[in-house]
Amino acid sequence: MHATPSDNTPNTDKIWSGRFAVPIAESVKRYTSSVFFDLRLAEFDIQGSRAHAAMLGRVGLITVDDLNSIENGLNQILEEIQTGKFEWKLDDEDVHLNIERRLTLLIGDAGKRLHTARSRNDQVATDIRLFLRSAVDSIVAQLGKLQLALLDLAEQHTDTILPGFTHLQVAQPVSLAHHLMAYVEMFERDRERLKDSRKRINRLPLGAAALAGTGYPIDREWVAKELGFDGVCLNSLDAVSDRDFAIEFCAAASLIMTHISRLSEEIILWMSPRFGFLQVGDAFCTGSSIMPQKRNPDVPELARGKTGRVHGHLMGLLTLMKSQPLAYNKDNQEDKEPLFDTVDTLGDTLEIFAEMLRDVQVNKDAMRDAAKQGFATATDLADYLVRKGLPFRDAHEAVARAVKAAEDARCDLSDLSLPALQAFSNLIRDDVYAVLTLEGSLSSRTSLGGTAPVRVKEAIQAARIRLS
Ligand code: ARG
């Protein structure tokens with residue numbers, strides 16, 4: 001099946017250099033090479049090459065001897081890479097050519113046969129998908145760990161009351177557990193999004209060759225199975241060119257970082273002495289070189305900052321793709337750094353957040369005091385009047401007047417005497433104080449998804465089951 005190697009093949013510098021009259025300029029080599037960042041794909045490149053070679057062997061495109069040599073050579077290269085002995089060369093442009101060159105050096109002609117029925121275009125698309133699939137799996141697991149940390153904290157605080165805000169104005173009392181469970185929900189959707197994106201990542205481009213498929217009798221389905229893909233990319237042009245799966249991942253990553261950033265913002269606010277709602281452990285704070293009193297929430301601040309970087313990568317990839325005609329263009333080489341950085345930034349952030357949330361001290365009194373200021377139970381008073389038969393709009397008006405009176409007297413609604421309250425509605429009896437307390441308000445919100453401790457305990461239970 002294979003051609004006899006010709007002895008007069010010139011010992012060229014570049015794999016394609018037979019066609020060129022002058023060597024490539026040094027500046028162009030540096031500008032176009034990707035090896036110093038795409039070497040990160042090496043293990044996946046070797047994984048893909050192994051499957052490709054095995055398939056070539058199965059369909060008879062290479063001999064058993066060649067296949068054995070390729071396998072041994074690739075094993076040796078993998079070991080060289082893992083032990084830091086592999087010498088990456090700028091001259092060999094990218095991870096694929098570096099490995100192929102080394103293989104050929106190690107095993108001779110068999111190494112040159114590996115690229116039969118393959119192009120770097122389908123090779124790189126395969127490598128990125130293998131890389132991203134494994135990144136998605138570990139990020140899904142990390143999200144689960146973060147959710148568990150939130151659940152463990154929530155479990156201790158189903159009765160811890162703080163003001164729920166709208167417009168950052170005190171709105172209604174909620175429990176800290178309920179507040180934390182909001183993030184558990186956000187991260188659950190994030191997990192779903194990632195798992196869903198995995199379906200579109202997990203398709204095999206290999207076999208699309210440069211862009212049009214190949215005339216060799218290859219078996220793409222077999223390679224797909226061998227590499228754990230759910231199926232093959234069905235159009236060769238699309239297979240080598242689109243990076244929508246990476247963009248989709250970056251969009252999901254951007255949403256995760258958005259959620260992390262909102263949580264960060266709250267932790268930062270809550271750690272400010274003006275709130276004093278909680279403290280993150282010393283191990284996660286930094287001091288100031290000049291102001292001895294400072295305890296700075298650097299971790300959430302940095303996470304908030306890094307969110308911008310991840311959003312930027314999403315924009316970068318969208319823009320990278322938008323004007324490319326079919327099929328592969330060198331532009332696509334620029335997909336790697338943003339993608340790698342997104343994976344790293346996200347992974348590091350999730351890791352540290354899961355640790356940090358296991359090291360927080362909650363100041364229940366400060367939360368409670370804040371809930372007491374700002375008439376958080378005003379809606380409860382209105383609901384009380386509605387239960388006594390007053391139409392909601394009238395109840396709203398009566399309570400607004402009561403709030404004004406309490407504000408003038410600089411006290412909470414629950415501090416007004418019964419006669420003082422009755423001045424706003426004669427429907428008020430002394431059972432009103434039960435609804436004006438924070439606990440009364442909290443435990444009354446029993447609607448599905450509400451903040452009542454009984455509901456929140458159920459929500460925590462359900463989330464634990466989902467995660468197990
Ligand atoms: N280093 C290239 C990339 O990252 C590999 C594919 C090169 N293909 C080509 N036809 N120049 O996209």
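For reference, positions follow the sequence shown, starting with 1. Remember, it's 1-based here, ligands and their atoms both numbered in the order they're listed. Computed over heavy atoms, backbone and side chain alike; hydrogens, waters and symmetry mates excluded.
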So which of R120, K330, Q333, E93 gets nearest to atom 1 (N) of ligand 1, if we judge by its closest heavy atom? Q333
With a 3.5 Å cut-off and no angle check, do the side chains of D94 and S34 form a donor-acceptor pair? no
Can you tell me which residue and heavy atom of the protein come closest to [atom], and the distance to 0.1 Å?
atom                   : answer
atom 5 (C) of ligand 1 : D94 OD2, 3.5 Å
atom 9 (C) of ligand 1 : N121 OD1, 3.4 Å
atom 3 (C) of ligand 1 : Y328 OH, 3.3 Å

State plainly whether the residues K336 and D38 are in salt-bridge range, i.e. N to O under 4.0 Å. no
Lys/Arg-Asp/Glu bridge criterion (N-O < 4.0 Å) met for E93, R120: yes
Can a cation-pi geometry be assigned to R40 and F131, taking NZ or CZ under 6.0 Å from the six-membered ring centre and within 45° of the ring axis? no
Go through ligand 1 atom by atom and flag the ones less than 4.0 Å from a non-hydrogen atom of S34. 1 (N)
Under 4.0 Å, counting heavy atoms only: does K336 come that close to any atom of ligand 1? yes
Assign the ring pair F277 / W270 to parallel, tilted or perpendicular, where the plane angle (0 to 90°) is split at 30° and 60°. tilted
